[in-house]
Each structure stands twice: as structure tokens, then as C-alpha cells.
Amino acid sequence: MKKKYGLLLAMLVALFMLVVPMSTQHAQAATDDSLEKIQKKGVLVMGTSPDYPPYEFQATVNGKSTVVGMDVEIGKKVAKDLGVKLKIKSMSFDSLLVALQTGKVDMVISGMNPTPARRKNVDFTHTYYQGGYEIVVNKADKGKYKDKDSFSGGTLGAQTGTTQYNAAKKQTKNTTVKGMTSNSDLILALQSHKVQGVAMEKPTAQAYVSNNKQLAALPSHFDMSSSATSSAIAFRKGSTSLVNKVNKTVDQVKKQDLVKKSYLPTAGKYLKTNTVNTSMGHYWKAFLTGIEYTLIITVCSVFFGFIIGIILALARMAKGGVLKTALRWLATAYVEFIRGTPMMVQVMFVYFGLGLFVNLPALTSGIIAISLNSGAYVAEYIRGGINSVDDGQTEAARSLGMSNGETMRYVVLPQALKNIWPSLGNEFITLIKDSSIVSIIGVTELIYQSNIVRSDTYRGVAPIVVIMVLYFILTFTASRILNYFERKMQHD
Amino acid sequence: MTKPVIEVEALAKSFGDNEVLKDITEKVEPGQVIVVIGPSGGGKSTFLRCLNLLETPTSGKVAFEGQDLTTLDTKSVNALREKMGMVFQGFNLFPNMTVLENIKLAPMKVKKTDDAAATKRAHELLTRVGLDDHADAFPTSLSGGQAQRVAIARALAMDPKVMLFDEPTSALDPEMVGEVLNVMQELAKEGMTMVVVTHEMGFAKSVGDRIWFMADGYIQENNTPDNFFAHPETDRAKDFLSKILM
Ligand SMILES: Nc1ncnc2c1ncn2[C@@H]1O[C@H](COP(=O)(O)OP(=O)(O)O)[C@@H](O)[C@H]1O
Ligand SMILES: [Mg+2]
């Protein structure tokens with residue numbers, strides 16, 4: 001069961017609760033209209049993290065990359081019973097609950113386990129699926145191991161932050177437990193004998209085994225309470241009427257055993273079509289999309305970052321009255337703050353934080369966050385560039401009757417930019433690489449796409465090699481182009 | 001009598017505790033060539049920069065054609081500054097522009113002169129300083145003498161009423177001093193009002209109408225060139241002359 005819940009995000013949620021206590025309390029105090037609201041809207045937005053077959057994963061359906069899996073089937077049934085349309089929003093598992101609390105999605109179905117900690121923040125339906133754990137081993141070693149107790153002196157792998165990870169730690173003796181963030185990485189570690197077994201959920205283990213002839217699955221015999229292996233649907237806190245209504249659907253799913261009879265087989269079918277061809281070439285469209293978004297984000301962020309950078313640099317150099325001093329302080333504080341916090345947190349803050357007030361799509365949020373970030377760095381380059389221009393230039397321009405602004409625009413800035421062109425070029429190349437951070441909010445840039453391909457194909461390394469080469473081609477081309485312009489400017 | 005072009009009254013300028021200009025009251029009449037001489041560090045550059053308000057006076061008055069500049073808003077100061085051309089010791093040409101673009105920039109951006117007219121005028125001025133064949137060169141390819149002549153042409157392009165020169169030949173190799181001084185002499189002959197800070201005593205004698213001897217934050221002596229060099233009145237001036245004429 002996935003249980004990852006970054007401390008960072010927990011803190012962000014806490015922050016939002018502080019920032020908007022009014023609206024939250026208000027929503028809870030008012031009579032519960034959650035069901036009515038969804039039915040009026042006519043659309044139910046489901047948040048999920050499609051890197052977890054057979055629960056949810058990406059598959060190519062009619063030539064289009066689509067989120068499928070047993071959870072998607074559940075979501076479809078829930079929407080149908082509510083009489084609304086289903087819309088699926090993908091993002092990293094860590095971001096799901098924040099997205100739910102900040103209204104980016106209406107419900108979360110993502111193999112999520114209704115732990116007491118989560119229950120504090122969101123409402124859960126009855127469980128719709130009761131899983132269990134297995135241990136995946138190399139088929140050649142199958143005879144050597146029986147269950148969790150056979151790995152004494154060896155190493156077991158498990159996805160970091162998951163229930164099975166904790167179980168492996170607590171319920172084995174003399175066994176090292178190695179955590180990694182994704183199952184595909186763990187399988188890779190298994191095949192390269194860095195770990196002897198990988199603890200996984202049963203359906204996931206089965207999916208790996210049936211798709212890879214070198215693997216085999218063992219029963220784990222972990223001692224688990226039933227709630228730790230179950231999955232439920234999460235809604236915003238206080239959505240009692242909605243939860244009650246959806247519970248009827250969940251109860252029916254369970255009574256008719258729809259998951260085993262219908263949903264898992266459907267998911268399995270996608271898994272099959274999905275893994276017929278695991279060559280990287282087969283996924284060229286996914287990588288192309290990745291390149292496209294990486295470039296969109298980079299180019300837009302460089303453009304806006306540059307404008308923000310100029311404004312900040314000028315503000316930081318403002319001298320004079322109270323107003324200008326205040327401006328200078330503000331700009332300085334901004335630059336220091338941005339440079340002193342991780343870009344990842346800034347991206348999440350813009351997406352989830354600003355998202356409370358305006359509903360920004362992930363791509364827009366990503367571009368805004370990276371532009372704001374880059375602007376702070378560019379401002380410093382520009383400030384340095386402006387300082388590198390001889391004072392005599394300003395004096396000459398001023399003596400000709402040019403205003404401060406005209407002097408800056410026509411005389412100082414062009415020279416400053418020429419001086420800092422190499423630094424700006426570096427910033428551009430850095431952004432090509434750093435734009436990968438927006439993968440956490442589900443923007444389909446290169447890293448995100450490669451993760452999708454990895455979980456789709458059960459191939460751990462090939463997609464990484466592909467994007468490494470792609471990133472290099474992008475940065476190398478960019479640096480050639482920048483060099484060309486640099487040489488051209490030198491001729492002047 | 002005609003109105004003075006520049007009138008300075010009780011002008012003082014300090015940088016922190018450093019009183020550079022203490023109390024200066026002088027006039028520049030139309031068509032006059034004033035040569036300011038004095039020991040290094042005596043405040044000559046600061047004085048010149050106070051005239052077009054590149055430096056804000058600490059107290060006192062600087063008037064241009066009867067109008068007190070120290071009371072004007074930024075915009076009007078900008079407008080008045082274009083009427084006072086300035087030439088610097090270090091040329092300060094814009095290195096990222098050609099000679100022609102250097103000259104055209106201010107007329108086009110400040111006066112909104114159209115490109116054709118600005119180009120025509122720039123070529124006229126370049127011809128006047130003998131450099132029209134260098135119109136498309138970049139400043140780095142010019143010799144010091146050529147660069148300074150371009151700087152003079154650039155200042156003239158705004159059609160100033162006064163030209164301020166701050167040691168225009170001090171940074172030049174000796175063999176290039178003449179070509180710049182010649183241009184300045186031509187300008188003086190045409191009736192341009194000029195305030196020139198220089199160590200070129202020959203130029204001071206032959207072109208200057210008045211010598212202002214400046215030291216310790218005061219104009220110590222305001223005299224005709226003939227009198228100043230033959231019979232300096234103050235000990236400070238005698239001392240200075242004995243040192244540089246040796
Ligand atoms: N921007 C400034 N800030 C502080 N002190 C200055 C500044 N400009 C000039 N000074 C000081 O003013 C004095 C006179 O300098 P300056 O006017 O350049 O003299 P001169 O041109 O006669 O050699 C010097 O002591 C110099 O250090
Ligand atoms: Mg000086």
C-alpha cells in the first residue's frame with residue numbers, strides 16, 4: 001500500500017490551513033452540500049498517480065496515452081452512479097492529498113490506504129479492495145526462499161514510505177531492508193542482485209511476474225491488520241453526504257466482487273497490450289511529448305524570468321526616497337528568499353498555494369514558479385552586468401540630455417547584457433535540466449514521461465538512458481546556438 | 001549687455017566631510033572661452049559637473065540663460081542638459097555602437113529627430129571633425145585623437161549652447177593632442193561658448209578669453225590669459241605656474 005506522504009507536503013497543508021482558516025471552517029460549519037455540488041458541476045475530478053499497475057498506470061489506448069487500471073474502473077463506476085462525468089488528473093502520489101484539500105481534485109483513488117493519520121485530514125469511503133503482500137525474487141533463486149523469514153543475512157527491497165516497507169523492517173530478523181522510491185527501480189536492484197527479494201502488493205507482484213519471465217513471487221506471510229492492506233476512496237473532510245452516497249457504490253462493488261471478476265482482468269488486459277512491445281522506439285511519442293513540454297517550460301520560463309530579472313535588478317538598484325528604498329528592500333528580500341528555498345517547494349507552493357485562490361493548470365503553475373525562481377537568479381546576473389558598465393557611459397548619456405530610463409535602456413542595458421550573455425546562456429541550459437522539477441505536479445515533461453514509460457514497460461534503465469541522451473541533445477544544441485550568438489556579438 | 005549664458009552664485013559642493021567647492025561666484029558670457037586651470041584634485045571636474053548638474057550642488061545657484069537649474073524638476077534638468085555638451089577625458093563613446101550610431105542616438109531618442117535627418121547631420125559633423133570616412137567604424141578601432149573628435153561631434157549633434165570640456169587631451173598620446181585642440185579652436189572661432197578644463201597652456205593663451213585659476217575649492221584668480229601668465233596676482237597661482245612652466 002502506498003503511504004508516501006512527504007513531510008514537506010504535510011507542512012504545506014498545515015500552512016494552507018493557517019492561511020485560510022476562515023474558508024475551511026466556513027465550509028465545515030455550513031450544511032454539507034458536497035454531493036449537491038458535484039452533481040451540479042456534472043464532473044467528478046479523480047486524482048491518481050498512474051505508476052502503480054494494476055491499480056493505475058498509463059497505457060496506449062487507440063494510439064493515445066491514457067490512464068487505466070482497476071482504480072480507474074472504480075472511478076468510472078462511482079461517477080456513473082452519481083450521474084456525472086469522470087475526469088482523471090494525474091500527479092505524483094505525494095501530491096494527491098494536498099490536491100484534494102486544495103480543490104484541485106474532488107476525490108482520490110490511488111490504491112490509497114485509509115490510515116488513521118490520513119483520516120485526520122480527509123474522509124474515506126469503505127474499503128473497496130483488500131490486498132496482501134508477496135515477495136518477488138529472481139526465478140533462479142526461487143527454491144532458496146520460502147517467505148519473509150528466508151532472507152536472514154540478506155537484503156529485502158521495498159518502496160520507501162509504504163506499509164510493506166515498514167512491515168519488512170519490523171517483521172524480519174537479521175535482514176537489511178533497502179528502500180527505493182519506485183518499484184521499477186527495485187526490480188532493477190533485484191535483477192542486479194543488490195537485493196534478494198522485493199516486498200510488493202500482491203496485484204503489483206503478479207503484474208511484474210507475469211510480464212517478466214525471470215521473476216517469481218512468494219507469499220510474504222507478513223502479519224498485517226486488514227486496514228493496512230486495504231484501499232479506499234478519499235474525499236475532502238466534511239463531505240459526509242458524498243461519502244455516504246459513494247459508499248453505496250463501494251458496497252455493491254464488494255458484494256458483487258467486481259474487482260476480481262471484472263476490474264482486475266480489465267486492467268490485466270491493458271497491461272498485456274501495454275507490454276507487448278517494450279522497445280523504447282515504441283514509446284517515441286511519449287518522449288516527444290516530454291521534449292515538447294520541457295521546451296515549452298524552459299523557453300517560457302527563460303522569457304518571463306528574464307523580464308522579472310530586469311525588473312528586480314532595477315528595483316534592487318533604486319536609490320532615492322522612501323518609496324524607492326522600500327522597493328529596493330522588497331526586491332532584495334525576494335531575491336534572498338527565492339535563492340534560499342528549494343525550487344521544488346516553490347513549484348508546489350504556486351500550484352497548491354495559489355491554487356486556493358485561482359485554479360491554475362499544472363503547466364501554467366510550473367512556468368510561473370520557474371519564472372519567479374529564475375528571475376531571482378537572472379536579477380543578480382543583470383545587476384552584476386549593469387555594475388560592470390563604466391560610469392562614464394552613464395555620464396556621457398546623461399550629459400546628452402538622456403533621462404535615467406533612456407540611459408538604462410539604450411546605453412547601459414545593451415552593454416550589460418552583452419557582458420552577461422554567457423551567464424544568461426548558462427541559466428537557460430540549467431533551466432532545461434531544472435524544469436524536470438515540475439514533474440511532481442504532473443506536467444508531462446521528460447522526467448515524468450520517462451517514469452511513465454518505466455512503469456509501463458517494467459524496464460528500469462532504458463528510459464533513463466533515453467532521456468539522458470535527449471537532455472544532452474537539448475543542452476548541447478542550446479549551448480551551440482548560444483555560442484553562435486556570443487561570437488556574433490563579439491564582432492560588434 | 002547680453003545675458004550671461006552661465007551664472008554661478010555661492011556654489012558649494014561637499015562629498016561627505018570633503019568640501020570640494022567652497023564658494024564660487026562667476027559668470028560666462030555668450031561666445032566666451034573660459035579656461036579653467038589649477039592643481040589636480042582642486043575640484044575642477046566637480047565644478048564642471050555641477051554646471052550641468054551631473055553633480056548636485058550642496059548649496060548655491062547654477063543658472064543657465066537666467067534659469068536656476070537647482071530648483072528644476074528632473075525632466076527640465078534633462079532638457080537643459082542637452083543644451084550643454086560635455087566632452088570627457090576618457091571619451092566615453094558607446095563601445096557597442098558605430099561612430100555614426102554614437103552620434104545619432106541622442107538626437108533620435110531625446111529630440112525625436114528622424115533617422116534620415118539625424119544621419120545627414122551626423123555625416124556633416126563627422127566631416128567637420130575630419131572623420132566621415134570612419135562613420136561605420138566601432139570606437140575600439142579608433143585612435144585616442146579620433147575617438148575624442150567623435151565625442152566632440154556627438155556632443156555637437158544636440159546643438160548645445162555651451163560646450164564643457166574636462167581635460168579633453170589628457171588621455172592622449174602627445175602627437176594626437178593637436179588634432180583635438182584644432183577642432184576646439186575652430187569651434188571657438190565659430191563663436192561657441194566654451195568652458196575648458198585643461199593643462200594645455202598654449203591653448204589657454206591663444207584661445208582662452210579668461211583664465212579661471214582654481215584651487216582649494218575657490219576660483220583664486222579670474223584674469224585675462226596675458227595678465228595671468230605674465231603677472232599672476234595670487235601666490236597660489238604663481239606657485240602653480242612656476243611648477244608647470246618649468
Ligand atoms: N563622486 C565623488 N565622491 C567623493 N569624492 C569625490 C567625488 N568626485 C570627486 N571627489 C573628490 O573631490 C575632490 C576634487 O576632485 P575633482 O573635482 O576631480 O578635482 P580635479 O578635477 O580638479 O582634479 C577630490 O578630492 C576627489 O577625491
Ligand atoms: Mg578632473
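Note that the coordinates shown come from a computational prediction; the quantities given were computed from them, not determined experimentally. We use all heavy atoms of the structure for the numbers below, so side chains are in, but hydrogens, waters and symmetry mates are not. Proteins get letters first, then strands, A, B, ... in listed order; numbering begins at 1 in each.
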Main-chain N/O of A/Ile447 paired with A/Ser450 side-chain donor or acceptor, under 3.5 Å: yes
Between B/Phe94 and chain A, which part of the residue has a heavy atom less than 4.5 Å away: side chain, backbone, both or neither? both
Just verifying a value: how many Å separate B/Ile34 CD1 and B/Thr193 OG1, rounded to the nearest 0.5 Å? 9.0 Å
What I want to find out is whether B/Arg128 reaches B/Glu124 closely enough, with some N-O distance under 4.0 Å, to be called a salt bridge. no
If you tally heavy-atom pairs under 4.5 Å against chain B, which of A/Ser399, A/Ala396, A/Gly392 wins? A/Ser399
Using heavy atoms and a sub-4.5 Å threshold, report which of residues 72-81 of chain B line up against chain A, by residue number. B/Asn78, B/Arg81
Is it true that the NZ or CZ of A/Arg480 lies under 6.0 Å from the centre of A/Tyr484's six-membered ring and within 45 degrees of the ring axis? no
What part of B/Met84 is in contact with chain A, defined as an atom under 4.5 angstrom from a non-hydrogen atom: side chain, backbone, both or neither? backbone
Under 3.5 Å, is there a donor-acceptor pair linking the side chains of B/Gln148 and B/Thr169? no
Okay, A/Glu406 and chain B: the region with an atom under 4.5 Å from a heavy atom over there is side chain
Does A/Lys324 NZ have over 12 foreign heavy atoms under 6.0 Å away? no
To the closest 0.5 Å, what do you measure between CG (B/Leu187) and CD (B/Gln185)? 11.0 Å
For B/Arg154, is it the side chain, the backbone, both, or neither that has a heavy atom closer than 4.5 Å to a heavy atom of chain A? both
Between A/Arg383 and A/Glu380, is the closest basic N to carboxylate O distance under 4.0 Å? yes
